[in-house]
Amino acid sequence: MKVMRNKDGGFGRRSIFLLQGCLMKAAAAAALTAGMAVLPVSAAEGDLLPAPKVVTALAYEKEDRDIAVSVKIPEIHWGPSVSAARQKQVNAGIRRLCEQYAEEAEDWARQYRKAFLETGGSEEEWKDHGIAVSVRYEILAQTDNYLSLRIMGTDNWSRAHYRAKYYTFDFQTGKTVTLKDILGDEYQTIADVSIRRQMDHRWNGGASYGTFTGIDEDTPFYINEKGNPVVVFSAYEIAPGSEGRPEFEIIRPYAVDSLSELTGLLGMNDEDTSRLFGGGRENWSADRTFFVGRTYEIMLHGQPCRLFTICSRDKIVEAVSLWVIGGERPVTAEDVTVWAGYVTAMMGTEPTLDPDISEGGSRNRRWHGSGLIAVLHQMPDILTISIQPAVGELH
């Protein structure tokens, strides 16, 4: 996309609306990462460690009727802030799970062997299959606040037998952490909106899969190295098997009291805005030839929203764009009425309705007041609000 700038390096009126139109076509998807920490695999029994350490408490390999079995069972050792009873409870639960996974995997392998031989397969052919089952653990993240690990039971002949359980513990207390602990009372709304937006972006209309109905308190997740929860779904649970086991990073939105707070970004240097609303993430053009601004996750009027800044060449914020609904669900008449009311309250004036649909396909309502122009852009499944100074021809 070619973007025209003014002589002073800023975006012209048409360029700002072109950028707004591009933002309305697709939101940037959050990158999912899962750091793998390498920790010691031994510790003296009974040691009181100052920070939680994951150690391999039991590891063994065996072979039975040409079925190879490999098992690694972890233990977690905390410092004195976690009682010995709590540590024993956690580790006993993890050990039981590992033993259960190993028993199930061996049983599946034995059943497979029996069926193979009963349907004409030979012992030699069975041996050539090289059947193996494995139970192991991975440390997904160890941050200043959380420890996350995954216990897995797998085999090498069927994806259907994959088993996994995720554990996330408070670094200091050893308490099992929930999504509600991390995201707050509105954790379901925050996660559902984020997942639907990411599905829509990732799969060009992920709602068409029709299988995601929302998360609950039992939905698996882990913490990544950035301290954000990553929600995990099983294969086929919300998408075709070709998508594997989909993961979605959920960024906790920064609480904002009113639209008026967003206008304070106008005229600020990007470096200063990086210290607001949780810092946000840099937003570049697809070819990274120019810096667009920042993207923030915020909570406004009980609604998880995505906030974009649009900057000039010298990284001064010239406009802000608030995504109230970004493709995750249809926009309703009530949505439009409610959010138009918020803009009217901020601007102190009533809106005018554009007579025609915009080039970007939106129905627009406009407000002028207090030196600003605000536009509510409405599409079937997108609702955004753009705000910028009313200067020159915009006044």
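Quantities reported herein were computed from a predicted structural model and do not represent experimental measurements.
- A salt bridge links Glu297 with Arg281: at least one charged nitrogen is closer than 4.0 Å to a carboxylate oxygen.
- When the side-chain contact (heavy atoms from CB on, under 4.5 Å) test is applied to Asp64, no partner is found at least two apart in sequence or on another chain.
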* Decide yes or no on side-chain contact (heavy atoms from CB on, under 4.5 Å) for Met346 and Thr263, but give the supporting numbers first. => CA-CA 10 Å; Met346 176 189 72; Thr263 64; 3.8 Å; yes
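- Partners of Tyr101 according to the side-chain hydrogen bond (donor to acceptor under 3.5 Å, both in side chains) rule, which considers only residues two or more places apart in sequence or in another chain, do not exist here.
- The list of salt bridge (charged side-chain N to carboxylate O under 4.0 Å, His left out) pairs with a residue in residues 166-178, not counting sequence neighbours, reads Lys175-Asp181.
- By the 6.0 Å contact criterion, CZ on Arg65 is open, its count of non-hydrogen atoms from other residues, nucleotides or ligands being 12 or less.
- Around CZ of Phe116, the count of heavy atoms belonging to other residues, nucleotides or ligands within 6.0 Å exceeds 12.
- For the pair Leu307 and Leu300, the minimum side-chain heavy-atom distance is 4.5 Å or more.
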* For side-chain contact (heavy atoms from CB on, under 4.5 Å), just list the numbers for Thr56 and Tyr137, CA-CA rounded to whole Å, side-chain angles, deciding distance to a tenth of an Å, and then say yes or no. => CA-CA 9 Å; Thr56 299; Tyr137 67 92; 2.6 Å; yes
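- With contacts defined as side-chain heavy-atom distances shorter than 4.5 Å, the pair Tyr146/Ile182 qualifies.
- In this structure Glu261 satisfies the salt bridge (Lys or Arg N to Asp or Glu O under 4.0 Å) test with no other residue, sequence neighbours excluded.
- Hydrophobic clustering (side-chain heavy atoms under 4.5 Å, transitive across Ile, Leu, Val, Met, Phe, Trp, Tyr) keeps Ile316 apart from Val292.
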* **Test side-chain hydrogen bond (donor to acceptor under 3.5 Å, both in side chains) applied to Asn91 and Glu75, step by step** => CA-CA 5 Å; Asn91 290 322; Glu75 277 188 353; 4.7 Å; no
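- A search for side-chain contact (heavy atoms from CB on, under 4.5 Å) contacts involving Glu186 returns Thr189, Ile190, Met299, not counting sequence neighbours.
- Take Asp107 and apply the salt bridge (Lys or Arg N to Asp or Glu O under 4.0 Å) test, not counting sequence neighbours, and it matches no residue.
- Cation-pi contact between Arg294 and Phe277: absent, since separation from the ring centre below 6.0 Å together with deviation from the ring axis within 45° is not met.
- Side-chain contact check for Val135 versus Leu97: every heavy-atom pair is 4.5 Å or farther apart.
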* **side-chain contact (heavy atoms from CB on, under 4.5 Å) between Gln100 and Arg163, worked out** => CA-CA 10 Å; Gln100 174 190 331; Arg163 295 289 185 271; over 6 Å; no
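- Side-chain atoms of Glu282 never come within 3.5 Å of backbone atoms of Phe291 as a donor-acceptor pair (strictly under, hydrogens ignored).
- Put simply, the side chain of Ser81 gets close to the backbone of Gln172: a donor and an acceptor are under 3.5 Å apart.
- Remark: Asp185 pairs with Lys180 by the side-chain contact (heavy atoms from CB on, under 4.5 Å) rule, at least two apart or across chains.
- Residues satisfying the ring-ring contact (aromatic ring centres under 6.0 Å, His included) test with Tyr112, not counting sequence neighbours, are Trp126, Trp157.
- Legend: residues meeting side-chain contact (heavy atoms from CB on, under 4.5 Å) with Thr176, ordered by chain and number and at least two apart, are Arg86, Phe169.
- Asp216 contributes atom CG, which lies 9.5 Å from atom CG of Asp192 (distance to the nearest 0.5 angstrom).
- The side-chain heavy atoms of Leu140 and Val230, taken from C-beta on, include no pair separated by under 4.5 Å.
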* When you look at Ile215 and Phe212, which way does the side-chain contact (heavy atoms from CB on, under 4.5 Å) test go after all the steps? -> CA-CA 8 Å; Ile215 63 108; Phe212 177 64; 4.0 Å; yes
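- The salt bridge (Lys or Arg N to Asp or Glu O under 4.0 Å) check on Arg288 picks up nothing, with sequence neighbours excluded.
- With contacts defined as side-chain heavy-atom distances shorter than 4.5 Å, the pair Leu58/Arg95 qualifies.
- In this model, no donor atom of one side chain and acceptor atom of the other lie less than 3.5 Å apart for Ser321 and Ser386.
- Among residues at least two apart or in separate chains, side chain to side chain donor-acceptor pair (under 3.5 Å) pairs with a member in residues 332-354 are Arg329-Asp335, Thr332-Asp335, Thr344-Trp367, Asp354-Arg366.
- Within a 6.0 Å sphere centred on NZ of Lys315, heavy atoms belonging to other residues, nucleotides or ligands number more than 12.
- Checking side-chain atoms of Ser148 against main-chain N and O of Tyr222 turns up no donor-acceptor pair under 3.5 Å.
- A distance of 5.0 Å separates CD1 of Ile76 from CG of Leu149, quoted to the nearest 0.5 Å.
- Counted by atom type alone, Thr273 and Tyr296 present one or more donor-acceptor pairs between their side chains at under 3.5 Å.
- For Arg202 and Glu243, the salt-bridge test fails: no basic side-chain N is under 4.0 Å from an acidic carboxylate O.
- Identified under the salt bridge (charged side-chain N to carboxylate O under 4.0 Å, His left out) test for residues 118-127, with sequence neighbours left out: Arg113-Glu123, Lys114-Glu118.
- Considering only heavy atoms from C-beta on, Val343 stays 4.5 Å or farther from Ile387 through its side chain.
- Side-chain contact between Val90 and Tyr167 is absent, with no heavy-atom pair separated by less than 4.5 Å.
- Aromatic ring orientation, Phe248 versus Phe233: perpendicular (interplanar angle above 60°, classes split at 30° and 60°).
- When atom types are taken as modelled, the side chain of Ser370 and the backbone of Leu372 share no donor-acceptor pair closer than 3.5 angstrom.
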* To do: In sequence, state the C-alpha distance, the side-chain angles, and the governing distance for Thr289 and Asp287, and then conclude on side-chain hydrogen bond (donor to acceptor under 3.5 Å, both in side chains).
  => CA-CA 5 Å; Thr289 57; Asp287 58 5; 2.8 Å; yes
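- Counting heavy atoms from C-beta on, the side chains of Met268 and Thr309 never come closer than 4.5 Å.
- Atom OG1 of residue Thr384 and atom CZ of residue Arg306 lie 13.0 Å apart, to the nearest 0.5 angstrom.
- For the 3.5 Å distance criterion, the side chains of Ser362 and Asn364 qualify, holding a donor opposite an acceptor.
- Side-chain atoms of Glu249 do not come within 3.5 Å of backbone N or O of Asn228 as any donor-acceptor pair.
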